[in-house]
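Notes for the one structure printed next.
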Amino acid sequence: MAKKRVRSRFAPSPTGQLHIGGVRTALYAELLARQADGDFLLRIEDTDQSRFVPGATENLCRTLKRLGIVPNEGVWTDDNDQIIQRGDFGPYIQSQRKEKHQAYAKQLVDMGKAYYCFCSEERLEQMRQQQEITKQPTGYDGTCRKIDPAEAQKRVEAGEQYVIRLKLPKEGSVTVEDVIRGKVTFDWKLIDDQVILKRDGMATYHLASMADDHDMGITHVTRAEEWLPSTPKHIFIYEAMGWELPIFAHLPQLVNADRSKLSKRQGDVSAESYLEKGYLPEALINFLALLGWNPKADQEIYSHDELVELFDLSKINKAGAFFNTEKLNWFNNHYLRQKPVDEYFALVEPHLPDDEKDIDFKRRVALLFRERLNLPSEIKDLSSFMFESTLDYSKVNLTWKDHIKEEALERLKAAKAWIESMNESLVLDVKTTEETIKNKIKDNGWGNGDTLWPLRVALSAQEKSPSPFELMAAYGQKRTIKRIDDALAYLVK
Ligand code: GLU
């Protein structure tokens, strides 16, 4: 038999911003399809109209675009941010498939696999309260399950309000096959007769998503593990309709260090906020892909294309994946360092003072701190002293250990003379500066520490900073001399 074309999908609900965990779900589906030269679809699941947020779909597409997770079919936005739909299996916006869902629901009723339920909201609420008081499991009590189908049909025709529920088995068990978890068995008696069509005529997720996955020829359903307990109901629908089951993979949730779920309470967990903070798409992709899966024990850096090549759904860990921000920072630092200088500078520049007009100086400062940055914005605090017109030396010691002030003055005066004797291009070269200064120190019979300490503090007014040579190379000759003059003036005050 010819192998089926792999078709995977990402099926978010447009209820707000894309959660960072959703990016991983989307990414895995994309990797799966690209690896097999198949199709990756974006379907918008908007049947719960009460949770619909205007603009959420556009935002979702924008974020996926920025991350480079691009579906080749389904919903997308054009260059003007207008929603478009591409492909032969549309519509891909679920609410537009309402009639198809209704027809399937009706078919399930006709087959005796679902039933009309006329219970009012009030009655259901009373039932729930009663169940809580008597400490019984909450769930539908099956009142309308017993109504004769012909009578139910009459009530529907008479215009009575209804929902449609699945008529699930009440005994025995069902086994779900999951690529990540293997076989998972559920008792039917613990599963409620799920509503599949609501009073407003919209299908719930349970019917809409299964129907659409089937109609769109989806072969792999990769979704959050919170859907695993619902999978028996989904299998029931597939089997009742005689549809071929897709491959299910329930992805472990993202957790904090204490294993609690990564949720909005921990601050902004939207993918967009990570991008806004300055996390690079390639760092996010690399980091998220490796949450719960690593193709090789001794490698951590993977490009998106390498991930496509190596992806293996069955190797994903069952356990919750620790969302380790330090690790994410490490990836970001790595990718910032890899960037071509111009791109790197473009990321960092907005965080440097606007009123500094010397672009070459700004570039040198940006490069000086490059290795140390996890986020482009961190440059601001690290480098702010370099842009100050004068430094405050009152909180640091310009003199080395037990040296006296006169020694610091002597060393600084000498350093100034050495730098003045060099030309600008030599000062800008870290290696030459270092060599020249170290030779002069030796010639004078001084120590590196007692000379370089006052020099470094004169340039930074900080306990810790890059080396004086790096600082000089970033400042250039004029700025270096100005700093030394200021320090000298401070010392003789
Ligand atoms: N709309 C569902 C959600 O956002 C999709 C789950 C699925 O991928 O089937 O959770």
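Because the structure is a prediction, the values reported are computed rather than measured. Counting convention: from 1, in listed order, for ligands and their atoms alike. Values below: every heavy atom of this structure, side chains too, minus hydrogens, waters and symmetry copies.
The side-chain tip of R363 points at the ring of F345 from less than 6.0 angstrom away and within 45° of straight on. For the pair R223 and F10, the cation does not sit on the ring face, since its NZ or CZ is not both under 6.0 Å from the ring centre and inside 45° of the axis. In this structure, R9 forms no cation-pi arrangement with F40, as its terminal cationic atom is not both closer than 6.0 Å to the ring centre and no more than 45° off the ring axis.
The backbone N or O of L254 sits nowhere less than 3.5 Å from a side-chain atom of R24 that would complete a donor-acceptor pair. D187 places no side-chain N or O within donor-acceptor distance of the main-chain N or O of L190, the cut-off being under 3.5 Å.
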Distances only, to 0.1 Å: what are the N or O pairs between ligand 1 and the protein that fall under 3.5 Å?
from, atom 1, to, atom 2, distance (Å)
ligand 1, 1 (N), A11, O, 2.8
ligand 1, 1 (N), S13, OG, 3.0
ligand 1, 1 (N), E45, OE1, 2.7
ligand 1, 8 (O), R9, NH1, 2.7
ligand 1, 8 (O), R9, NH2, 3.4
ligand 1, 9 (O), R9, NH2, 2.6
ligand 1, 9 (O), Y205, OH, 2.5
ligand 1, 10 (O), W227, NE1, 3.2

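Salt-bridge annotation for R155 and E157: absent, with no side-chain N of the basic residue lying under 4.0 Å from a carboxylate O of the acidic one.
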